[in-house]
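Counting starts at 1 for both ligands and their atoms, following the listed order. If you're wondering where the values come from, they're calculated on a predicted model, not measured in any experiment. Below, each value reflects all heavy atoms present in this structure, side chains not excepted, and no hydrogens, waters or symmetry copies.
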Amino acid sequence: MADVHIKNANIFDGTGAATRPGEIVVRGNRIRTVAGPGANLEAPGCEVIDAQGATLMPGMVEGHAHPTFIGARANTDMGDIPVEEHLLATLRNAELLLDHGFTSLYSAASAKLRLDVVVRNEIAAGREKGPRLRAASPEITVTAGLGDESTQHQSRSSFGMVADGPDAIRHAARYCIREGVDNLKINISGDDFVGAKGGQTVMSEAEVRAAVEVAHDFDRKIACHARAGRSVKRALTCGVDVIYHCEQADDEALDMLEAAKDRIFVGPAIGLIWNTIHEAQEFGITPEVVENLGMQRVLDMSAKTYNELRRRGVRVVIGGDYGFAWTPQGTNARDLEHFVNLYGYSPAEALACATSVGGSMMFPAGDLGVVREGALADLLLVDGDPTRDVRIMQDRAKLLMIMKDGAFHKHPRVAGRARGAVAAE
Ligand SMILES: [Zn+2]
């Protein structure tokens, strides 16, 4: 970790407030000082970086990350790949996401049990490059649910861990916790891509309750896959912490989500839906397939639901099931554009979802995802103003500096050579 003084920056602090000129001092892994223009901070012993007007902002948080997803065309691709190759692919994905400005990943399921855990540990120990990672369990699912790929005559696997009944669910949850996960994941709904549909609620209330009880007994978090309104309500009734998708939430579910807004986070995972409609033809998802899957209807419901959740102040994170063949890892920042175009967020509000909101999901202490004195030093310097156009965040060449935990992943001097705009003195 270096002591760094960044001058002449335009600071987006992660809260959604407008950018303002200023300078900061980082010492160790924390932001020591934040000051406005003209403060002329003295910071002895610091490396000085002249940002020359570039935007300084918190590192982004992928709120529905799947670092173990390997560009799969079918869910079973993730079961078919041997664990050795799978681990290496996961390490590459983690580094790639950091290269794209994601300094934190909140994993929404690990395709094999210990992949997230091991990658988290190696990164935390400094032996591998990658973002902060909250490691997830596989998707705990019921027989015939999303993630159960087997049939009577053929055993197959993908990202699911099948368990039926509260006792078996409890065992699966404890087993994952014993192996080191931070987050459990349960599939309460089905999904339109598989046998059990998105509108169906296939995990029983007793099963959900058992999983939540285990997670909270061990001070872990629990996230769920819930598309149907009934699934969303079941998740809320049972105390699930993070609810993904939610697009079929009815008025009662919306009221319940709003009532729980200080406790929960939600994430639409819209990238997969968008790309399935618009960019998956070469993978055999023709317009007819899209039509049969009802994907446009899912997108329309998502837009309606998340405009409402935004209006009601529910905390929403970006992250869109990137890691399928038609949602390549590294393109995750496209969600920002969808948040603006589909959900009505201003660019600054969408960026807040990607920084301060995701940061408080990672660490409830509120010291991640913000540019604030005392906060953890996960920072980006961006060539341009993403609060005017969030699409800038999709171009890794615009990321002049990437700092995680006070250490440079990308030093601005390297970027500055090509650009000539950022100078390290
Ligand atoms: Zn997912």
Side-chain angles (χ1 to χ4, degrees), residues 61-79 86 89-90 93-94 97 102 104-113 115-116 119 133-141 145-149 157-161 176 181-194 196-198 202-203 211 221-228 231-232 235 240-248 265-276 280 293 295 298-299 302 306 316-332 334-335 338 358 361:
V61 180
E62 224 295 0
H64 185 126
H66 289 298
T68 59
F69 282 19
I70 47 162
R73 291 173 182 231
N75 292 349
T76 46
D77 290 354
M78 291 182 268
H86 208 163
T90 305
N93 286 338
L97 286 163
F102 289 91
S104 290
L105 309 181
Y106 194 100
S107 178
S110 177
K112 292 184 176 70
L113 173 53
L115 291 178
D116 269 12
V119 170
L133 172 58
R134 279 191 67 105
S137 71
E139 308 198 11
I140 298 173
T141 194
L146 169 64
D148 178 15
E149 312 295 342
S157 58
S158 60
F159 42 66
M161 191 175 196
C176 293
V181 306
D182 302 306
N183 315 324
L184 292 173
K185 172 75 177 290
I186 55 173
N187 290 346
I188 304 178
S189 292
D191 200 285
D192 294 331
F193 292 94
V194 298
K197 298 302 170 200
V202 297
M203 185 175 277
K221 295 291 183 190
I222 180 162
C224 73
H225 172 95
R227 294 196 185 275
S231 300
V232 173
V240 173
D241 304 302
V242 179
I243 307 175
Y244 291 124
H245 311 298
C246 298
E247 62 271 341
Q248 298 182 33
F265 293 88
V266 300
I270 194 60
L272 179 61
I273 304 298
W274 179 269
N275 286 18
T276 298
L293 287 169
M295 278 296 118
V298 174
L299 187 80
S302 183
Y306 281 88
V316 182
V317 295
I318 71 158
D321 269 328
Y322 291 90
F324 288 95
W326 55 96
T327 54
Q329 298 276 6
T331 62
N332 313 49
R334 287 188 72 187
D335 264 35
H338 298 319
M361 183 163 83

Mind checking the OG-CZ spacing from Ser107 to Phe69? Nearest 0.5 Å is all I need. 8.0 Å

Go through the steps to decide whether Asp191 and Arg227 satisfy the test salt bridge (charged side-chain N to carboxylate O under 4.0 Å, His left out), and finish with yes or no. CA-CA 8 Å; Asp191 200 285; Arg227 294 196 185 275; 2.8 Å; yes

Just to verify, what does Tyr322 make a ring pair (Phe, Tyr, Trp, His ring centres under 6.0 Å) with, not counting sequence neighbours? none

N/O/S from Asp321 sitting under 2.8 Å away from the Zn ion (ligand 1): yes

Measure centre to centre between the rings of His245 and His64, then say whether the value is under 6.0 Å. yes

Taking 2.8 Å as the cut-off, does His225 contribute an N, O or S atom near the Zn ion (ligand 1), distance below it? no

For the Zn ion (ligand 1), angle spanned by His66 NE2 and His64 NE2 (nearest 10°) is 100°

